[in-house]
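See below for the structure under consideration.
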Amino acid sequence: MRASNIEPAWNGVSKFLHWLVALLIFTQFALGWLAATWRLSPTKLELFVWHKSVGMVVLGLVVLRLAWRLATRAPPLPAGMPGWERAAARTSHVLLYVAMLGMPITGWVVSSASGVPFRVFRRIALPSIAPVDKHIADVASLVHLWLGLLLAALLLVHIGAALRHHFIQRDEVLIRMLPARRLPK
């Protein structure tokens, strides 16, 4: 049995997880860029601790979000939406989940393969998920970078599509995901 969303809008849990993960992902882009470009110093190390810690929070929330998404029905897409657009929406959402899961996992592999033990927020020790191996660390780092670029591109498409639906198509696709908005049934 699948739980229902408030039709035709997303339910509160879906909205909360969507916007929280979005906020954390944008925070991650900033933290990752700062950590990578900062000169070697205690501040750089602290930025990496925060980047890795928030990354693990994102991983947990995305797993929770995916489980919730699989347990609830999505509001129906607009009736007149062409098949290609429905397929593009499904494909882009699958790719978003792949990138949102892949980013923290590849970051975790980089830390593990680099032999850098890590504690989330300096408290919770993470087990190593890869052997210490420079080649694995380098490959995982490259995959992490490319997934980041893919995620950034997908987010631009996602945001652009939401704005297109709102301002050009003039349908309810964007409104039904806004935090404080409820649509009539």
Side-chain angles (χ1 to χ4, degrees), residues 1-33 50-109 120 129 140 142-185:
M1 176 180 291
R2 292 166 62 103
S4 288
N5 268 299
I6 299 168
E7 297 290 350
W10 290 94
N11 65 37
V13 173
S14 296
K15 290 178 183 184
F16 176 76
L17 290 172
H18 176 273
W19 292 107
L20 179 58
V21 169
L23 174 67
L24 291 175
I25 286 173
F26 283 109
T27 300
Q28 281 298 85
F29 281 128
L31 283 171
W33 180 79
W50 277 93
H51 179 68
K52 293 175 185 184
S53 295
V54 173
M56 292 299 102
V57 171
V58 168
L59 178 60
L61 288 171
V62 170
V63 168
L64 178 63
R65 184 173 173 201
L66 185 58
W68 182 257
R69 175 62 189 88
L70 293 172
T72 60
R73 287 194 183 104
L77 293 171
M81 184 182 275
W84 70 266
E85 198 171 346
R86 290 173 182 273
R90 278 190 301 276
T91 301
S92 66
H93 281 95
V94 167
L95 290 174
L96 277 167
Y97 277 106
V98 167
M100 289 187 298
L101 291 168
M103 286 293 296
I105 291 170
T106 56
W108 191 354
V109 170
V120 178
I129 61 170
L142 189 60
V143 172
H144 189 72
L145 171 66
W146 281 102
L147 280 173
L149 295 173
L150 173 66
L151 182 58
L154 289 167
L155 289 173
L156 288 174
V157 169
H158 185 71
I159 293 165
L163 294 174
R164 176 181 169 268
H165 277 283
H166 188 71
F167 291 109
I168 296 172
Q169 302 299 108
R170 298 197 181 276
D171 59 31
E172 305 295 330
V173 169
L174 173 63
I175 291 172
R176 66 191 188 169
M177 184 51 89
L178 293 178
R181 301 294 288 254
R182 288 188 186 227
L183 297 173
K185 286 189 174 188

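All residue numbers in this chain count up from 1 along the given sequence.
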Next on the checklist: Can you give me the closest heavy-atom contact between R176 and P75, atom names plus distance?
Outcome noted: NH1-CB, 3.2 Å

Checklist entry - Would the number of heavy atoms belonging to other residues, nucleotides or ligands and lying under 6.0 Å from CZ of F16 be above 12? => result no

Next on the checklist: Looking at every non-hydrogen atom in both residues, tell me the closest pair between A162 and L174 and how far apart they are.
Outcome noted: O-CB, 3.8 Å

Checklist entry - How far does CG of L66 sit from CG of L101, to the nearest 0.5 angstrom? => result 6.5 Å

Checklist entry - Residues in salt bridge (charged side-chain N to carboxylate O under 4.0 Å, His left out) with R164, at least two apart? => result E85

Checklist entry - Got L77 and D171 here, is their nearest side-chain heavy-atom distance under 4.5 Å? => result no

Checklist entry - Among all residues two or more places apart in sequence or in another chain, which pass the side chain to side chain donor-acceptor pair (under 3.5 Å) test with W50? => result E46

Item to check | Nearest atoms (heavy-atom pairs only) where R69 meets A74 | outcome: NH2-CB, 3.3 Å

Checklist entry - Looking at A99 and P104, what are the two nearest heavy atoms and their distance? => result O-CD, 4.5 Å

Checklist entry - Looking at residues at least two apart in the chain, or sitting in another chain, which of them share a side-chain contact (heavy atoms from CB on, under 4.5 Å) with A140? => result V109, V110

Next on the checklist: Test of understanding: with ring-ring contact (aromatic ring centres under 6.0 Å, His included), list the residues that count as partners of H93, not counting sequence neighbours.
Outcome noted: H158

Under 3.5 Å, side-chain donor or acceptor atoms of residues 17-27 against the rest of the protein: list the pairs with distances, not counting sequence neighbours.
residue: W19; atom: NE1; partner: M177; partner atom: O; Å: 2.7
residue: T27; atom: OG1; partner: L23; partner atom: O; Å: 2.8

Item to check | CZ-NE2 distance between R170 and H166, expressed to the nearest 0.5 angstrom | outcome: 8.0 Å

Review item, side-chain donor-acceptor pairs of residues 142-157, under 3.5 Å, at least two apart:
residue: H144; atom: ND1; partner: M103; partner atom: O; Å: 2.9
residue: H144; atom: ND1; partner: T106; partner atom: OG1; Å: 2.9
residue: H144; atom: ND1; partner: G107; partner atom: N; Å: 3.4

Checklist entry - How long is the gap from CD1 on I175 to CD on E172, to the nearest 0.5 Å? => result 4.5 Å

Next on the checklist: For V54, is there any backbone N or O sitting under 3.5 Å from a side-chain donor or acceptor partner on Q28?
Outcome noted: no

Item to check | Polar side-chain atom of R65 near backbone of S14 as donor-acceptor pair, under 3.5 Å | outcome: no

